[in-house]
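A short write-up of the structure that comes next.
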Amino acid sequence: MMHTIKELLEMIKELVLRIVTSRLFALGTVFTVLFSILILQLFRLQIIHGDEYMADYQSRTLQEVTTTGTRGNIYDRDGNLLAYNELQYNITISDNGAYDTTDAGINARNRMLYRLAGIIEKYGYHVDGQYKIRLDDNREFTYTTTSEDDQRRFIANLRGRNTADLKAEDFELTAPEAFAYSKHRYRFDDIKDEKGNPIVLENSTALDMINIFYTLRLTAYQRYQTTTIVRNVSEECMSEIQEAMGELQGVGIENVSVRKYNYAPYVSHIVGYTGQVRADQLEALKETDPSYELNDTVGVWGLEKSEESVLKGKKGHRKMYLNSVGSILDVVSETEASAGDDIYTTISAADQMAIYHLLEQELAGILVSKITESYEDNKNANIKQSQIMIPLKDAYFQLINNNVLDAQHFFDEHAGSAEQQIAAIFSADKAQKLTEIQNELYSTSGSSLEMLPQDMQAYVVYIYDYITSDASGMIDTKSQSYLKSKAYTAWRDDTISLHDFILEGIEEGWLDTSKLKLDQAYSDTESIFQALVSELIAHLNEDTAFDKVLYKYAITDRILPGYLLMMALFEQGVLAQDDAAYQQLAAGDEHFAYTFLIDKIRKIEITPAQLALDPCNGSVVVTDVNTGKVRALVTYPGFDNNRINDPQYLAKCNADLSLPLLNSATQTQLAPGSTFKPITSVAALEEGVMGLDSVIDCTGDYTEVTPDIKCWIYPSAHGPENIVDGIKNSCNYFFAEVGHKLATGDDGTYNQQLGISRIQKYASMFGLSEKTGLELDEAEPRISDYDPERSAMGQGNHAYNGAQLARYITAVANSGTLYRLSIMDHITDADGNVIKTIDPEVEQQLNVSSRTWSAVHTGLREMITHGVAASVFKGQDITVAGKTGTAQEREDRGNHAVFVSYAPYDHPEISVTVNIPYGYSSGNAANLANHVYNYCFGKDSLESILSRDASYITSLNVSD
């Protein structure tokens, strides 16, 4: 038995020995130990510290992302889309934690930005960022903002500080210095490729990279929140970005709806446009809605701005868990974004289009009648403003001055024959003029300004303006040392030459020469003066704005002939090619060049807006007199709101002298002239200073005030007139006397303030003391506050826009119902359900007697049938009632042309108000209104208007 047990033990021992010494045992032991460790670690993570780690995990990766609701549409009253949304691809970037702050991580991030900027440049896109520096046409760095406060905020953000924490000198960064600072701070000047070789950046590439990173940093507190950096990229660009996603950590392609606009430029001032929220806007927006973020799109102008809360919709929100590289692990909750509401306006796109072209045709017709072949000015004291003519040289110069012709292209290697000739003529003339300017500055016997030739006066004044500008920094025009200097007084009195002015500035120290590159060995006044002159000449040689001054006098002096400029219009594609006309111009016939230009203006192939001569802009407002609803609100010229967020297009619009971005109907404030006289008539009758049978004898010269007031008919006279006659004849004598009577108390004592207070009372009754109620940006009106005699005539310092005058004449037409004007009809939700109707809003019912209304209406009708505007409306079977107004602002420019009216006379339906700044005569405004009535009452059609040019327009001179 014992033997058997012993043998069994030996067998077991041998078996164990085999197992222990085998490789499987060793491997099993290792796995057993590892598995035990894993079980222990899982027990520690899940049982002992599970709650702690789970909370930590959630706090680090639970993220909330917002989605933007689709913006509501804007329609005209016929249901035509004015503003809508269209899908597009945008490039976005976000901080997803892929790049750490080590040297290697920063370099990897910068290589990514370099690759991204390369793709963006390859397809010709620009970065849509918040970095306020760009490269100008000369490839020089410049700030994109002209606002000092905006620039200070930008520099503070650049330095990572608050503006209050910085000193004054901290803000003294030029655009090139700010660029260099950014490039160094973001370490873009020390990028290395995968092999460690340095990457040298082009300025444009570095600027794009800085723009991207600077904009991203503004939302650095929102990790994983995307920032849009390029909008509306092509499918090819999108595909290349997606293929490179592995290298472009944080970069994505976003499918978004973007704002699109129809009927530009006809409704651009009404609809407006949207843009990205600016950093300085964000806090104010958050006060109205905390959901606004820096990357949001908001309304900037027009209805897009005023109805932002209606159109914008509501954001959606998504809460989700993300892993360390931003991938979605789990969606916790999600709220869908909702679309904004739709707006239906009271205007018709067809009406806007028709009246816009009628206005353009009227302006072109006036220009054709005013541009003379003579080069001589006729602006002098003996010429009435309505009789001022435009010399041909001014029209030629505007082709360059308003950038119709690209002056830089004259020197391009691909320039046409005429362009090359212009370049050669200009270069030679410029060299000669710079020499003459230098000689004038060096001359110790230099002349005072009035003794110089006209062109040299212009050059000297340009230099003076430059050295006293912030751009040069040479003279602080607010410093007491400058303002109290004898040189300043002498310059102001035109008794000192610029040579002596500069010398005294150097000697007295108020002309700062620290920016001059001076050899320290030469610091006497003369050497400093010579260095300054050299710098001024060098600046003028590079200054494209000064080039325009040179072009002006080269044209004036006939050094640069007009026929070459006409030929250049063909070569630059401004005009469609016409070989016969081009060859005839090339023959050098200056008379043909003049007739050619006039023909192109008449045909509106060269537009009034392009020429930016007087007149080049205007407005027409049409209202429904029984509701206060605006049926048309037309401003000429307009702009393309689809392109307004393109910096180059925006810069072009800002530089355009015809002011296309200005809503003339609501923002151009002009004196009303004689269109104010019906208000004075109501005031006189209601205050009892005149009766319906009262007569004033117009002798032509009103001498009760100093200086005296001459009626427009002087040296003739209107003779005895009642209130109807006064309106019909637009008699200045009559209304000067009415103003005088308003200023005379019951006791016969004359009191100017009494007259002004009465005029202000009635102007306020007609709504001229406040804005109209339109849902658009609008300038404040101003009722005259001095000289009751002239204020009663519509002079003084009255200032109203077309919409304000339209509101007033609407109240006249309906006999006393003053509406708040509106351009909105109703609002619907995204499904088309009406959620709000904008009803007419009566502000007040004027307490005016029916006898007064009858007299005013009769006078307004007789002005059309037998009065000063009878020649304009001759043959018109639409019974129009209205009042002309010609207002003088400057002696060297034409009068403003104004006309207020309504029709039909017996049962008014609409009012038409026309405002043409520097339109010479109110007859031109009345003529345009006549054509507008023909269209509104079906006597003319859109198709007919679009088929016409300005050949049918005749400039009309109406005296009022």
Side-chain angles (χ1 to χ4, degrees), residues 134-140 142 375 391-437 455 458-459 461-463 465-466 471 537-577 582 585-586 588 590 593 596-597 600-601 605-613 616 647-660:
R134 66 177 178 87
L135 283 169
D136 62 18
D137 294 338
N138 297 320
R139 310 300 292 171
E140 299 290 338
T142 182
Y375 270 44
L392 181 57
K393 62 183 176 65
D394 290 359
Y396 284 152
F397 173 56
Q398 285 301 94
L399 297 175
I400 292 175
N401 194 37
N402 202 33
N403 305 310
V404 180
L405 286 170
D406 180 358
Q408 298 301 312
H409 196 266
F410 296 156
F411 300 87
D412 191 89
E413 61 180 340
H414 302 297
S417 172
E419 290 181 284
Q420 292 176 25
Q421 292 180 66
I422 293 171
I425 291 170
F426 178 76
S427 296
D429 183 61
K430 181 176 181 177
Q432 179 182 336
K433 292 296 170 58
L434 288 177
T435 299
E436 292 175 3
I437 293 168
D455 60 342
Y459 307 147
V461 169
Y462 189 93
I463 295 170
D465 288 343
Y466 171 67
I537 296 299
H539 171 75
L540 294 178
N541 192 48
E542 299 296 327
D543 187 356
T544 55
F546 182 68
D547 282 351
K548 288 188 175 182
V549 182
L550 293 174
Y551 274 113
K552 177 179 180 178
Y553 287 98
I555 293 170
T556 298
D557 297 336
R558 300 181 186 263
I559 297 169
L560 179 57
Y563 69 86
L564 287 178
L565 297 171
M566 296 296 99
M567 293 169 67
L569 291 172
F570 286 120
E571 294 176 353
Q572 292 194 4
V574 178
L575 296 176
Q577 192 58 45
Y582 183 87
L585 288 166
E590 285 289 357
F596 174 83
L597 174 63
K600 293 304 176 184
I601 297 171
E605 293 176 36
I606 298 175
T607 68
Q610 286 177 308
L611 286 175
L613 293 164
C616 63
Q648 289 185 330
Y649 179 74
L650 178 60
K652 179 181 178 182
C653 288
N654 282 325
D656 193 328
L657 301 175
S658 68
L659 307 177

Check your understanding: Of all residues at least two apart in sequence or in a different chain, which pass the salt bridge (Lys or Arg N to Asp or Glu O under 4.0 Å) check with Asp394?
Key ->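 Asp394 satisfies salt bridge (Lys or Arg N to Asp or Glu O under 4.0 Å) with no residue once adjacent residues are dropped.
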Going from [atom1] on [X] to [atom2] on [Y], what distance comes out if it is rounded to the nearest 0.5 angstrom?
X      : Y      : atom1 : atom2 : result
Ile601 : Leu613 : CD1   : CG    : 7.5 Å
Tyr396 : Arg558 : OH    : CZ    : 9.0 Å
Leu569 : Lys600 : CG    : NZ    : 9.5 Å
Phe546 : Lys430 : CZ    : NZ    : 8.0 Å
His409 : Glu419 : NE2   : CD    : 5.5 Å

Check your understanding: Can you tell me if Asp557 uses its side chain to pair, donor with acceptor, with the backbone of Ile559 under 3.5 Å?
Key ->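 Looks like no, no N/O pair under 3.5 Å.
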Using side-chain hydrogen bond (donor to acceptor under 3.5 Å, both in side chains) as the criterion, list what pairs up with [X], not counting sequence neighbours.
X      : value
Glu140 : none
Tyr582 : Glu571
Gln432 : Glu436
Gln420 : none

Residue pair [X] / [Y], side-chain heavy-atom distance below 4.5 Å:
X      : Y      : value
Phe410 : Ile425 : no
Tyr551 : Leu565 : no
Asp455 : Thr556 : no
Tyr459 : Leu550 : yes

Practice item. List the steps and the verdict of ring-ring contact (aromatic ring centres under 6.0 Å, His included) for Tyr462 and Tyr553. Key: CA-CA 14 Å; Tyr462 189 93; Tyr553 287 98; over 10 Å; no
Where do [X] and [Y] come nearest, in terms of heavy atoms and distance?
X      : Y      : result
Leu585 : Ala593 : CD2-CA, 3.8 Å
Ile555 : Tyr375 : O-CE2, 3.2 Å
Leu434 : Ile537 : O-CD1, 3.9 Å
Ala418 : Ala568 : CB-N, 4.1 Å

Practice item. In sequence, state the C-alpha distance, the side-chain angles, and the governing distance for Asp547 and Phe426, and then conclude on side-chain contact (heavy atoms from CB on, under 4.5 Å). Key: CA-CA 9 Å; Asp547 282 351; Phe426 178 76; 3.7 Å; yes
Atom pairs and distances, side-chain donor-acceptor, residues 397-406, under 3.5 Å, sequence neighbours left out:
unit_1	atom_1	unit_2	atom_2	d
Gln398	OE1	Asn401	ND2	2.9
Gln398	NE2	Leu611	O	2.9
Gln398	NE2	Ala612	O	3.2
Asn402	OD1	Leu657	N	2.7
Asn402	ND2	Ala609	O	3.2
Asn402	ND2	Gln610	O	2.8
Asn402	ND2	Asp656	OD1	3.2
Asn403	OD1	Lys548	NZ	3.0
Asp406	OD1	Gln408	N	3.0

Practice item. Classify the angle between the aromatic ring planes of Phe570 and Phe596 as parallel (below 30°), tilted (30 to 60°) or perpendicular (above 60°). Key: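 Tilted.
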Practice item. Kindly check if the number of other-residue, nucleotide or ligand heavy atoms within 6.0 Å of NZ (Lys552) is above 12? Key: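 Result for NZ/Lys552: open.
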